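Step one of this worksheet: look at the structure below.
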Amino acid sequence: MTSIYATRSDVPGATPWKRRSERLLRASGLPYTIVRPGWFDHAGAGQRRLVLEQGGTGDGGIARDQIAETLVQSLLTHAALGKTFELIATEGSQQADWAKLFGALKSDEPGSVDGALDPADLPVEGEPPTLRTELEAIRSLGGTNG
């Protein structure tokens with residue numbers, strides 16, 4: 001779990017370090033699902049409908065119980081494997097079909113250190129030398145080649 005602004009450079013206070021931590025996880029080659037929840041505990045009582053988005057443009061709030069349930073369901077639902085997404089809630093009832101929710105998302109590109117539809121505004125070549133060294137070390141231990 002990181003945060004909804006992991007790929008945003010236009011939001012005050014957003015930092016590229018969350019995106020960098022995601023890159024290290026993807027490079028490891030380990031199975032993963034990366035959830036980027038919206039504003040923590042910032043959803044009204046009627047905001048139970050989950051919205052899973054990709055591309056770094058999501059914005060909104062989510063209740064802590066919804067974050068927790070999504071994290072647990074991502075471990076139990078094969079359709080969530082290898083995916084990165086933003087998570088917010090809107091007005092309406094919460095959906096029950098987790099395979100359908102996760103299945104509608106694009107999978108991250110195998111071998112890539114970025115999530116599906118992530119903006120290309122932070123090239124790996126422009127990363128700090130320490131991060132590039134860590135990515136290479138992880139890859140040499142059997143992670144991805146991307």
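This is a predicted model, so every value here is computed, not measured.
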Partner residues of Asp10 under the salt bridge (charged side-chain N to carboxylate O under 4.0 Å, His left out) criterion, sequence neighbours left out: Arg8

Qualifying side chain to side chain donor-acceptor pair (under 3.5 Å) pairs with a residue from residues 68-83, counting only residues at least two apart or across chains: Glu69-Gln94

Leu122-Leu117 co-clustered via ILVMFWY side chain contacts under 4.5 Å: no

Side-chain donor/acceptor of Glu109 to backbone N/O of Ala116, under 3.5 Å: no

Leu81 with Val35, same ILVMFWY side-chain cluster at under 4.5 Å: no

CZ (Arg64) with more than 12 external heavy atoms under 6.0 Å: no

Minimum heavy-atom distance Thr33-Gly82, with the two atoms named: OG1-N, 4.4 Å

Any residue meeting side chain to side chain contact (heavy atoms under 4.5 Å, CB included) with Ala14, in chain and number order, not counting sequence neighbours: Tyr5, Val11

Salt bridge (charged side-chain N to carboxylate O under 4.0 Å, His left out) against Asp121, all qualifying residues, sequence neighbours excluded: Arg19

Nearest non-hydrogen partners of Ala43 and Ala63, listed with the distance: CB-N, 3.7 Å

Interatomic distance, Asp41 atom CG to Gln66 atom CD [nearest 0.5 angstrom]: 9.5 Å

Test applied, side-chain contact (heavy atoms from CB on, under 4.5 Å); reference residue, Val51; option that passes from Ile62, Ile88, Leu87: Ile88

Any Ser107 side-chain heavy atom under 4.5 Å of Phe102 side chain: no

Residues forming a side chain to side chain contact (heavy atoms under 4.5 Å, CB included) with Tyr32, sequence neighbours excluded: Leu25, Arg26, Ile34, Thr84, Asp108

Derivation of the side chain to side chain contact (heavy atoms under 4.5 Å, CB included) call for Leu135 and Thr133: CA-CA 5 Å; Leu135 283 170; Thr133 300; over 6 Å; no

Nearest-0.5 Å distance that lies between atom CG in Leu76 and atom CG in Leu71: 11.0 Å

Residues that Ala68 engages under side chain to side chain contact (heavy atoms under 4.5 Å, CB included), provided they are two or more places apart: none

Reported CZ-to-CD distance for the pair Arg49 and Gln95, which is rounded to 0.5 angstrom: 5.0 Å

Ionic contact status for Glu127 with Arg23, cut-off 4.0 Å: yes

Residues Arg36, Glu22: salt bridge by 4.0 Å N-O rule: yes

Side-chain heavy-atom pair Ser21, Thr2 within 4.5 angstrom cut-off: yes

Closest contact, heavy atoms only, Leu105 versus Leu101: CG-O, 3.9 Å

Heavy-atom donor-acceptor pair, Glu53 side chain to Phe85 backbone, under 3.5 Å: no

Separation of Leu24 CG from Leu30 CG (nearest 0.5 Å): 11.5 Å

Shortest non-hydrogen contact between Ala79 and Ala99, atoms and distance: CB-O, 3.8 Å

Verdict with supporting geometry, Trp39 and Asp59, side chain to side chain contact (heavy atoms under 4.5 Å, CB included): CA-CA 8 Å; Trp39 311 328; Asp59 205 4; 3.2 Å; yes

